[in-house]
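Report on the following structure.
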Amino acid sequence: MGNPYSVYLECCISLIEEYSKRAKFDYEVFFEFLAKRSYLSEPTYLEICNSFTTDRITIDNIASNIEAIYNQMVSSLLKDGYNRLWYDNIPNHIGKIDEYDGFLNLLREWQKDSIIHVHTLNHDMLFESFNRTDYISGEICDGFEEIGSDYYGELRTKEDRTYHVRLERFTGVYNRNIRLYKLHGSLDYVLYYKTAEDGRTLVPDRYVKTRYGIGYDNLLRDTHTGDTYERYPFAYHANYLTGTSSKIRKYEDPLLFKPLFESFKNNLQNSELLIIIGYGCKDKGINEIIANNFKGKHIYIVDPYWDGNETIHEFAKRIDAKIIKTQISDLSMDEFK
């Protein structure tokens with residue numbers, strides 16, 4: 001067989017194929033299946049894993065690496081309808097964006113005299129791309145800042161040249177009227193580990209945002225103690241949360257997710273209006289936070305396809321929300337009066 005990475009990848013693909021024969025595939029449920037290592041206690045799955053073991057690769061090696069491999073697989077598939085993941089090379093969008101016109105017009109109007117807290121479970125970077133539109137140019141902040149950052153990535157060109165590019169790091173500072181909180185992480189978030197005082201141990205330090213062409217590995221930190229950078233080459237994939245119950249345990253991560261969820265609760269408690277868009281109401285943890293913390297007067301669920309969806313209907317009833325069937329492109333201020 002090939003290198004260990006390839007072995008873990010092929011094993012993961014084989015497990016997915018077998019799993020899909022037995023049940024409808026749901027990527028979060030399957031992640032939970034991996035996280036709980038359920039496959040090690042079922043003969044058919046265990047046999048698949050054993051078929052990938054070698055003198056150098058054990059079952060423990062597979063179990064220790066397969067979640068990260070799966071996260072990378074999911075990351076590669078999370079693209080928009082135009083097959084885009086990164087939007088760095090898209091210039092400012094001039095004019096109307098048909099698919100989101102109503103929604104973006106609402107943001108433009110509300111941000112003039114209100115603070116808009118946008119909490120999303122999505123891992124993609126579509127919302128950030130709205131920062132380069134006529135609607136809300138430059139008015140989105142996400143708690144990451146580049147100025148003063150000690151973190152860098154290596155940009156490698158086709159000519160085999162390498163440049164250090166400063167990366168934004170999470171500070172938790174929100175200073176614009178449209179504030180984005182990616183509660184389950186993002187495809188460009190990476191956790192940097194610094195070297196501990198013993199010179200050997202790596203300890204979690206800061207979440208940084210990588211950029212197109214830089215990747216997740218070979219992150220650098222300026223320690224201000226010499227003329228070289230500290231290097232962390234072991235980040236192989238983005239830090240985002242998936243699964244069902246396993247991700248809830250990660251909500252306590254003090255470097256990113258705990259502050260994000262504290263902000264989520266505080267913002268719910270202090271907001272006058274709650275609008276829920278594009279959410280299937282299936283995340284029990286998120287549902288509990290909404291139900292227990294929103295103290296405002298009005299809640300709206302925007303979903304033009306909710307008919308017959310008992311999950312949405314029951315949650316709307318629980319939180320006393322009005323369901324709006326209007327398409328996001330056609331939303332207007334009149335819907336929320």
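In this chain, residues are counted from 1 in sequence order. Only heavy atoms go into these numbers, but all of them, side chains included; no hydrogens, no water, no symmetry mates.
Between Tyr45 and Tyr19, the angle of the ring planes lies from 30° to 60°, which puts this pair in the tilted group.
The two residues Pro304 and Lys325 make their nearest non-hydrogen contact at CB-O, 3.0 Å. Nearest heavy atom pair, residue Asn287 against residue Cys281, reads ND2-O, 2.9 Å.
The distance from the CG atom of Leu106 to the CD1 atom of Ile275 is 6.5 Å, given to the nearest 0.5 Å. Residue Leu15 holds its CG atom at 7.0 Å from CG of Leu34, rounded to the nearest 0.5 Å. Within the model, atoms CZ of Arg169 and CG of Leu256 stand 14.0 Å from one another, a figure rounded to the nearest 0.5 Å. Atoms CD and OG, on Glu335 and Ser332 in that order, are 5.0 Å from each other to the nearest 0.5 Å. With rounding to the nearest 0.5 Å, the separation of CD in Glu18 from CD1 in Ile16 is 12.0 Å. The OH atom of Tyr39 sits 8.5 Å away from the CZ atom of Phe33 when rounded to the nearest 0.5 Å.
Heavy atoms of other residues, nucleotides or ligands lying less than 6.0 angstrom from NE2 of His164 number more than 12.
Tracing side-chain contacts under 4.5 Å through hydrophobic residues (I, L, V, M, F, W, Y), one never reaches Tyr229 starting from Tyr232; they form parts of separate clusters. One hydrophobic cluster, built from ILVMFWY side chains closer than 4.5 Å, cannot hold both Leu220 and Tyr163; they sit in different ones. Under the 4.5 Å side-chain heavy-atom criterion for ILVMFWY residues, no single connected hydrophobic cluster contains both Ile136 and Ile115. Leu273 and Ile328 fall within a single hydrophobic cluster, where Ile, Leu, Val, Met, Phe, Trp and Tyr side chains are chained together by heavy-atom contacts under 4.5 Å.
The backbone N or O of Asn61 sits nowhere less than 3.5 Å from a side-chain atom of Ser64 that would complete a donor-acceptor pair. Remark: side-chain polar atoms of Ser186 are not paired, donor with acceptor, to backbone N or O of Tyr189 under 3.5 angstrom. In this structure, Arg211 contributes its side chain and Leu167 its backbone to no donor-acceptor pair below 3.5 Å. Put simply, the side chain of Ser114 never gets that close to the backbone of Gln111: no donor and acceptor are under 3.5 Å apart. The backbone N or O of Asp283 sits less than 3.5 Å from a side-chain atom of Tyr279, completing a donor-acceptor pair.
A centroid separation of less than 6.0 Å is found between the aromatic rings of Phe130 and Phe127. Separation of the Trp306 and Phe315 ring centroids does not fall under the 6.0 Å cut-off. If you look at Tyr207 and Phe144, their ring centroids are not closer than 6.0 Å.
Side-chain contact check for Asn105 and Asp101: at least one donor-acceptor pair (N or O, by modelled atom type) lies under 3.5 Å. Between the side chains of Thr44 and Arg22, at least one donor-acceptor pair of N or O atoms lies under 3.5 Å. At a cut-off of 3.5 Å, with distance as the only test, no side-chain donor of Glu109 or Tyr135 sits close to an acceptor on the other residue. Asp198 and Thr201 are linked by a side-chain donor-acceptor pair at a separation below 3.5 angstrom, with hydrogens and angles left out of the test.
Salt-bridge formation is not detected for the pair Glu288/Lys284: no Lys NZ or Arg NE/NH1/NH2 atom is positioned less than 4.0 Å from an Asp or Glu carboxylate oxygen. Under a 4.0 Å N-O distance rule, the pair Lys317/Glu314 does not qualify as a salt bridge. A salt bridge does not link Arg176 to Glu139: none of the charged side-chain nitrogens sits closer than 4.0 Å to a carboxylate oxygen.
Between His117 and the choices Tyr181, Phe294, Phe264, the ring-ring contact (aromatic ring centres under 6.0 Å, His included) rule is met once, by Tyr181. The salt bridge (charged side-chain N to carboxylate O under 4.0 Å, His left out) test with Asp142 singles out one residue from Lys209, Arg179, Lys182, and that residue is Lys209.
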Show your reasoning for whether side-chain contact (heavy atoms from CB on, under 4.5 Å) applies to Glu230 and Lys194.
CA-CA 8 Å; Glu230 178 188 63; Lys194 69 179 180 180; 3.5 Å; yes

Please walk me through it: do Asn270 and Asn266 pass side chain to side chain donor-acceptor pair (under 3.5 Å)?
CA-CA 6 Å; Asn270 294 292; Asn266 289 335; 5.2 Å; no

Stepwise, does the salt bridge (Lys or Arg N to Asp or Glu O under 4.0 Å) test hold for Asp134 with Lys96?
CA-CA 8 Å; Asp134 284 347; Lys96 181 181 178 183; over 6 Å; no

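Side-chain contact between Glu145 and Glu168 is absent, with no heavy atoms from C-beta onward closer than 4.5 Å.
The stretch residues 147-158 participates, sequence neighbours left out, in these side-chain hydrogen bond (donor to acceptor under 3.5 Å, both in side chains) pairs: Asp150-His224, Tyr151-Asp205, Tyr152-Arg166, Glu154-Arg231, Thr157-Glu159.
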